[in-house]
There are 2 protein chains.
Amino acid sequence: MRPKILLVEDDASLVELISYNLEKEGFDVIRTDDGEEALVLAQEDKPDLVILDWMIANLSGIEVCRRLRRAPLTANLPIVMLTARAEEADRIRGLETGADDYVTKPFSPRELVARVRAVLRRLRPALSGGNLDYAGISMDTSAHKVTRDGSTVSLGPTEFRLLRHFLEHPGRVFSREQLLDAVWGRDVYVEQRTVDVHIRRLRKAVNAADNGTELPDVIRTVRSAGYALDAAPLPA
Amino acid sequence: MRPKILLVEDDASLVELISYNLEKEGFDVIRTDDGEEALVLAQEDKPDLVILDWMIANLSGIEVCRRLRRAPLTANLPIVMLTARAEEADRIRGLETGADDYVTKPFSPRELVARVRAVLRRLRPALSGGNLDYAGISMDTSAHKVTRDGSTVSLGPTEFRLLRHFLEHPGRVFSREQLLDAVWGRDVYVEQRTVDVHIRRLRKAVNAADNGTELPDVIRTVRSAGYALDAAPLPA
DNA sequence: CAATTTCGCTACATTTTTGTGACAAAGGCC
DNA sequence: GGCCTTTGTCACAAAAATGTAGCGAAATTG
């Protein structure tokens, strides 16, 4: 699932630059240039991280930061501050308000992306690391490797993301639409039936053992609802 | 032996913050707030790395940097510059005077430590571990020598660093972006495809035995994700 | 059981991503 | 200065992945 980032910035060209690079790197970006709106979006859209410019309209960045920290829902939301002031005093004040990292303007897109990744890795390990195990399937996300009862499973990029999404929400049923949102991205337009094809490819890969034998299907089709990854298929 | 770091900084609270964090992370810290004294300490205490603030009393950081580079004993001493000016021009000037990396204020202690480690790893391989072994490859970091199942492997500088990075994180997949950051450095701007070319050069060198025979490829391409060094290639 | 919806599967054209050789610029060495 | 190594980039070839259409099977409905 693509991490979602709330970008609070009022310089249009910066918004453009940052969004472009973040999206290219696999993040979904929600934008606003208004402090009050940022607070609302942080509550409602549940982003995984907030990039916050120090100086924005309606509320200062630092105030937004404080309020985010006070609200229970967003108290632990990772925050990266964007600032033009490099002075030490600001750094301290910033830390006291609870930002998790800082990026000083001017910055390179790559640096920002790297910082965002670093903060997410530190605060949201589930998003970027570790192993996922379920239904005899084991996925090493950092090595990009998957095994099923020992035999290695080889997957294409999309199948990998699809399977990861299922492993992150074991047993749960997802509609094609939800899968498109989660695996393909919010603003990608593809046919819903495309999901079927990838489900088939995933099934094919996951249900085949190294020695060529067929394993029981772990993906359950829920007619007129979607698909789910199941631990134990019902005995017939 | 704990690496020794000379910290040249005149902001007392910063000295405190930095020293605390470096020592916590396994470094010994020598402090001074005076440029002239820094030169003396650099000669006499033989630190492994210098952290140098741009603006310090008695001599500017940039001048200290130049003089360190001129003295034979300290010509190759790794230097990390601390600066409040984030402008690109300053970065360039700093690099031209011979600093190996720079950190822009405000920075988080974690970031500084990470940079220090990165610079040491890049310039003082001996400090960060002796031999690395994985997947039949053996790297003597201090002698700068690599063997694959006995046969010697000859690598250019960049390929060496690339391989070392893989050996330090065996099995893990790195994106081109991550590799650029880790192997080339944070502030070097090269095309991402350049990584491909160096991967190819590395493959060529590592997969060729002394007698001219081809060995199995140890570098795994992970489509749309990056590359990894793998122990066990595909069983045919 | 017939009508209708939903799904599995295959084939295929397109797009994306990676491999590879060549080349010129930069830097080190003598 | 010449000579050699290393480096980054490009252009093109090769390979892999992707999205869609289409057809028939299976489930659902009534």
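Computed from coordinates, the B:Leu162 CG to D:dG8 P distance equals 11 Å when rounded to whole Å. Rounding to whole angstrom units, NE2 of residue A:His198 and P of D:dA21 are separated by 14 Å. Taking atom CD of A:Glu191 as the reference point, atom C1' of C:dT6 lies 15 Å away to the nearest angstrom. Distance, A:Ile199 CD1 to C:dG8 P: 8 Å, rounded to whole Å. C:dT20 atom C1' lies 10 Å from atom CZ of B:Arg193, rounded to whole Å. D:dA17 atom P lies 12 Å from atom CZ of A:Arg161, rounded to whole Å. Counting to the nearest Å, the C1' atom of C:dT20 and the OH atom of B:Tyr227 are 11 Å from each other. We find that CG of A:Leu155 is positioned 15 Å from P of D:dA16, with the value rounded to whole Å.
A:Thr194 places a side-chain heavy atom less than 4.5 Å from the side chain of A:Glu191. Side-chain contact between B:Met139 and B:Arg164: present, with at least one pair of heavy atoms (C-beta onward) separated by less than 4.5 Å. You'll find the side chain of B:Leu7 stays beyond 4.5 Å of the side chain of B:Ile30, heavy atoms only.
Between B:Phe160 and B:His144, the ring planes lie parallel to each other; the angle is under 30°, not in the 30° to 60° tilted range.
Each of B:Gly226 and B:Lys204 has a nearest nucleotide on DNA chain C; the 5'-most of these lies closest to B:Gly226. In terms of position along DNA chain D, the nucleotide closest to B:Glu159 lies nearer the 5' end than the nucleotide closest to the other residue of the pair A:Pro157 and B:Glu159. Of the two residues contacting DNA chain D, namely A:Gln192 and A:Arg223, the nearest-nucleotide position lying further toward the 5' end is that of A:Gln192.
Listed nucleotides: C:dG21, C:dT17, D:dG8. Nearest to the side chain of B:Arg200: C:dG21. Across C:dT17, D:dG8, D:dA21, the shortest atom-to-atom separation from the side chain of B:Arg176 is found for C:dT17.
Checking the phosphate oxygens (OP1, OP2) of D:dT7, no side-chain nitrogen or oxygen of B:Trp184 falls inside 4.0 Å. Between B:Thr194 and D:dT9 there is a side-chain N or O to OP1 or OP2 distance below 4.0 Å. The side chain of A:Thr158 places no N or O atom within less than 4.0 Å of a non-bridging phosphate oxygen (OP1 or OP2) of D:dA17.
Within the 4.0 angstrom heavy-atom criterion, only backbone atoms of the sugar-phosphate kind lie near B:Thr221; the bases stay farther away. Here A:Phe160 lies out of heavy-atom contact (under 4.0 Å) with every strand. Residue-level contact check: B:Arg201 touches the bases, meaning some heavy atom is under 4.0 Å from a base atom. Within 4.0 Å (heavy atoms only), A:Arg203 reaches sugar-phosphate atoms of the nucleic acid but no base atom. Residue contacts shown for A:Val195 are absent, as no nucleic acid heavy atom lies under 4.0 Å away.
Defining each end axis of the helix from C:dC1-D:dG30 to C:dC30-D:dG1 as the rotation carrying four pairs' C1' atoms onto the next four, with five pairs an end, the two axes are found to diverge by 40° to 10 degrees.
In terms of modelled atom types and a separation under 3.5 Å, the side chain of B:Asp48 and the main chain of B:Lys4 share a donor-acceptor contact.
A salt bridge links A:Asp230 with A:Arg220; the closest basic N to acidic carboxylate O contact falls under 4.0 Å.
For B:Arg203 and B:Thr221, the side-chain atoms include at least one donor-acceptor pair closer than 3.5 Å.
Taking the ring centroids of B:His165 and B:Trp184, they lie at or beyond the 6.0 Å cut-off.
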